[in-house]
Amino acid sequence: MSLVGMLVLFVQTQWHPVKFRALKHDSKEAPKPVLTYDNYRNGVFQAQAESYLRENFAFREFGIRSYNQHRYWLWKITCNPFFRPGRGPWMYYLPGVLDYYGQETSKFFATNDDLDDYVNHQVDMLTELRDILKQDYGIELLTFIAPDKAFVYPEHLPKMTHDTTVGVAATRFAQRFEETGFPNIDMTSWFASIADTSSRLLFMPMDTHWTFSSAYGYDSLFTLMDSLSPYSIPTLRIDSITARKYEGRQDDEATLNLLFKVRNHTPAYTAHVSVEADSTCCKPRALFVGDSFIFAFESLMPMRELISYYENWFYYDKVFKSFDKKTYQINEINRLRSILNVDFVVVYSVGYQWCRGTNGFVEDALAAIKDPYQVEVALKMNEMEAKPELMAMIAEKAEDRGVSLEEMLELDAKWLIDNKNDSENE
């Protein structure tokens, strides 16, 4: 390599004067190494420099995209095994493809009887939890099966072998919900029934999440919520759907980190929605437990006009609280008090994820709500949170002790309950 070439590589690695579009989902964790005598002598600098250079070498973004591009062009191989290219400019999630061909559910259940036993048990627990929430606390529980692109547009799927050993989990759940009268919306079957007659594609070819079509889903969701509510909640209206010029890459397409856009001529659409509410309406508080399909609600719908507060428990792991999106891990909050602090609990997932039921939500919620002490603590926390002056004192105490506000609130609630019980027993 010439001296000039080596100089160019050094300058680009060191200062990056030539800017490239950032790689999507690229996480650089290695800090820039600092050269000191001790670091060099004990080998720490060399190790840090190797990690840093691996993440910041010259023309890294261009090199990675070039490599991904030629693999995609020649063999339709993606950089992420979670994505499976279909026919033409179509992309799917691999679990959804496997689910359509009967190969996903069989990973979890050996026979149809095993699947049926699991579905029946999950629905029985959901029904029991719903009865307790509704009868004792006036809280409604419902489910939502988000649409699975593989079942809506199977004609573009890659060819695979059908396995008919075990049925489809989401289909069994939908059937069982209907048999028991449990409030549920099955968007997959509805989208599949209108896909051929719709003048617009319900999914973009290179995006497995819904965009404008999410308005149909949330309109259905709020209609069902209103039918279950003792009061009137705001009504979501779809005023129009218009075509728009789509300049960027579609969501899944961007994740592939290719050099060039995948050529397709599918127009993008925008749903124009409005909210109808009068003086008799009451904006509900809602808890959503599920996957990333709820993000379209957050980004495309007028949430503040529809609900007054919400929590999103993403994969029953990460917690996003209300409009300021304070973020927690699920084990950092009192889950029962969140459940008892809303009007609606919505459990949802895209089709193939129903192989895992509710990801442990219903089991944990049932165990907690059957424990009188946990219920008392949860209710006391909600009662205390409604008092701004008290919360200011608890926040100050939390800062002094170096704990989170949520943890301090729970500790104080338990102290009040325990001391009240002790005084009553004297």
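Residue numbers run from 1 in the order of the sequence given.
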### Task
Mark yes or no for whether Thr327, through its side chain, and Phe320, through its backbone, hold a donor-acceptor pair below 3.5 Å.
no
### Query
Of the options Arg304, Lys321, Glu298, which is the one that meets Tyr310 in a side chain to side chain donor-acceptor pair (under 3.5 Å)?
Glu298
### Message
Can a side-chain donor-acceptor contact be found between Ser338 and Asn341 if the only test is distance below 3.5 angstrom?
### Response
no
### Query
For the residue pair Arg21 and Leu258, what are the closest heavy atoms and their distance?
NH2-O, 3.7 Å
### Task
Report yes if the distance between the aromatic ring centroids of Tyr93 and Phe83 is under 6.0 Å, otherwise no.
yes
### Task
Indicate yes or no for a side-chain donor-acceptor contact from Ser193 to the backbone of Trp190 under 3.5 Å, with no hydrogens or angles considered.
yes
### Task
Assess whether salt bridge (Lys or Arg N to Asp or Glu O under 4.0 Å) is satisfied between Glu385 and Lys380, documenting all intermediate values.
CA-CA 9 Å; Glu385 190 180 39; Lys380 175 61 72 173; over 6 Å; no
With a 3.5 Å cut-off and sequence neighbours excluded, list the donor-acceptor pairs that the side chains of residues 150-161 form with protein atoms.
| unit_1 | atom_1 | unit_2 | atom_2 | d |
| --- | --- | --- | --- | --- |
| Tyr153 | OH | Leu202 | N | 2.8 |

### Message
Quick one about Gln122 and Glu363 (side-chain donor to acceptor, distance below 3.5 Å, no hydrogens or angles considered), yes or no?
### Response
yes
### Message
Side chains of Asp239 and Ser274 only: does a donor on one sit below 3.5 Å from an acceptor on the other?
### Response
yes
### Summary
Glu389 meets the side chain to side chain donor-acceptor pair (under 3.5 Å) criterion, sequence neighbours left out, with none
### Message
Would Arg356 and Phe108 count as a cation-pi pair here, with the cationic atom under 6.0 angstrom from the ring centre and within 45° of the axis?
### Response
no
### Query
After noting the C-alpha distance and the side-chain angles of Leu115 and Thr105, does the key distance pass the side-chain contact (heavy atoms from CB on, under 4.5 Å) rule?
CA-CA 8 Å; Leu115 172 59; Thr105 311; 4.0 Å; yes
### Query
Between the side chains of Tyr316 and Asp364, is a donor N or O closer than 3.5 angstrom to an acceptor N or O?
yes
### Query
Below 4.5 Å, heavy atoms only, C-beta onward: do Thr143 and Val346 meet side chain to side chain?
no
### Task
Applying side-chain contact (heavy atoms from CB on, under 4.5 Å), run through Leu141 and Leu126 and close with a yes or a no.
CA-CA 8 Å; Leu141 172 68; Leu126 284 166; 4.2 Å; yes
### Query
Side chain of Ser229, backbone of Ser232: donor and acceptor closer than 3.5 Å?
no
#### Entry: Asn120, Asn184, Thr171, Thr127 screened by side chain to side chain donor-acceptor pair (under 3.5 Å) with Arg176, the one that passes
Asn120
### Task
May I have the step-by-step check of side-chain contact (heavy atoms from CB on, under 4.5 Å) for Met301 and Ser214, ending in yes or no?
CA-CA 9 Å; Met301 299 296 110; Ser214 65; 4.1 Å; yes
#### Entry: Quiz item: cation-pi between Arg200 and Tyr269, 6.0 Å / 45°
yes
### Task
Could you tell me whether the side chain of Thr78 and the main chain of Asn80 form a donor-acceptor pair under 3.5 Å?
yes
### Message
I'd like to know if the side chain of Tyr137 pairs up with that of Gln135 as donor and acceptor (distance under 3.5 Å, no hydrogens or angles considered).
### Response
no
### Task
For residues 271-301, pull every pair meeting ring-ring contact (aromatic ring centres under 6.0 Å, His included), keeping only residues two or more places apart or in separate chains.
His209-Phe293, Trp210-Phe293, Tyr218-Phe297, Phe222-Phe297, Phe288-Phe297, Phe295-Phe314
### Query
Between Lys326 and Glu311, is there a salt bridge with N-O shorter than 4.0 Å?
no
### Salt-bridge present (Lys397, Asp412; N to O < 4.0 Å)
yes
### Query
Can you list the steps and then say if Tyr315 with Gln353 is a side-chain contact (heavy atoms from CB on, under 4.5 Å)?
CA-CA 10 Å; Tyr315 285 105; Gln353 294 190 27; 2.9 Å; yes
### Query
Who pairs with Glu396 by side-chain contact (heavy atoms from CB on, under 4.5 Å), at least two apart in sequence or on another chain?
Asp400
### Task
Heavy atoms only: give me the nearest Asn257-Arg65 pair and the separation to one decimal.
O-CG, 3.3 Å
### For Pro89 against Val262, the heavy-atom pair lying closest together
CB-CG1, 3.8 Å
### Task
Would you mind reporting whether Asp371 and Val375 have side-chain heavy atoms less than 4.5 Å apart?
no
### Query
With a 4.0 Å cut-off, would you call Glu406 and Arg337 a salt bridge?
yes
### Message
Quiz question: by atom type and distance under 3.5 Å, do the side chains of Thr165 and Asp163 form a donor-acceptor pair?
### Response
yes
### Task
Hey, could you give me the CD/CZ distance between Gln374 and Arg335, rounded to the nearest 0.5 Å?
9.0 Å
### Beyond-backbone contact of Glu276 with Leu236, side-chain heavy atoms, under 4.5 angstrom
no
### Query
Phe212 vs Tyr216 aromatic rings, parallel, tilted or perpendicular, using cut-offs 30° and 60°?
perpendicular
### Message
In this structure, is the centre-to-centre distance between the rings of Trp354 and Tyr348 below 6.0 Å?
### Response
no
### Message
Donor-acceptor pair, distance only, cut-off 3.5 Å: does the side chain of Asp99 make one with the backbone of Pro95?
### Response
no
### Task
Tell me yes or no: between the side chains of Asp418 and Tyr373, is some donor less than 3.5 Å from an acceptor?
yes
### Query
What is the minimum heavy-atom distance between Gly86 and Lys76, and which atoms define it?
O-NZ, 3.2 Å
### Query
Do you see a donor-acceptor pair shorter than 3.5 Å between the side chains of Ser189 and Asp186?
yes
### Query
Would the number of heavy atoms belonging to other residues, nucleotides or ligands and lying under 6.0 Å from CD of Glu399 be above 12?
no
### Query
Can you find a heavy atom in the side chain of Tyr231 that is under 4.5 Å from one in the side chain of Cys281?
no
### Donor-acceptor pair, side chain of Thr111 and main chain of Asp114, under 3.5 angstrom
yes
### Query
Is the side chain of Gln69 donor-acceptor paired with the backbone N or O of Leu259 at a distance under 3.5 Å, no angle test?
yes
### Query
Once the angle between the rings of Phe173 and Tyr118 is folded into 0 to 90°, is it parallel (under 30°), tilted (30 to 60°) or perpendicular (over 60°)?
perpendicular
### Task
Please work out whether the ring planes of Trp73 and Phe260 are parallel, tilted or perpendicular, with thresholds of 30° and 60°.
parallel
#### Entry: NZ or CZ of Lys318 within 45° of Tyr328 ring axis and under 6.0 Å
no
### Partner set under side-chain contact (heavy atoms from CB on, under 4.5 Å) for Arg71, not counting sequence neighbours
Tyr67, Trp75, Ile77
### Minimum heavy-atom distance Ile139-Val342, with the two atoms named
CG1-O, 3.3 Å
### Test side chain to side chain donor-acceptor pair (under 3.5 Å) applied to Glu410 - qualifying residues, sequence neighbours left out
Lys414
### Query
Do the side chain of Ser227 and the main chain of Leu224 share a donor and acceptor less than 3.5 angstrom apart?
yes
### Query
Closest heavy-atom contact between Met91 and Thr208?
O-OG1, 3.7 Å
### Message
Does any part of the side chain of Lys134, heavy atoms only, come nearer than 4.5 Å to the side chain of Ile132, both counted from C-beta?
### Response
no
### Query
With no hydrogens and no angle check, is any side-chain donor or acceptor of Glu332 less than 3.5 Å from a backbone partner on Gln329?
yes
#### Entry: Backbone of Ile233 reached by a side-chain donor or acceptor of Asp226 within 3.5 Å
yes
#### Entry: Thr280-Asp278 side chain donor-acceptor pair, cut-off 3.5 Å
yes
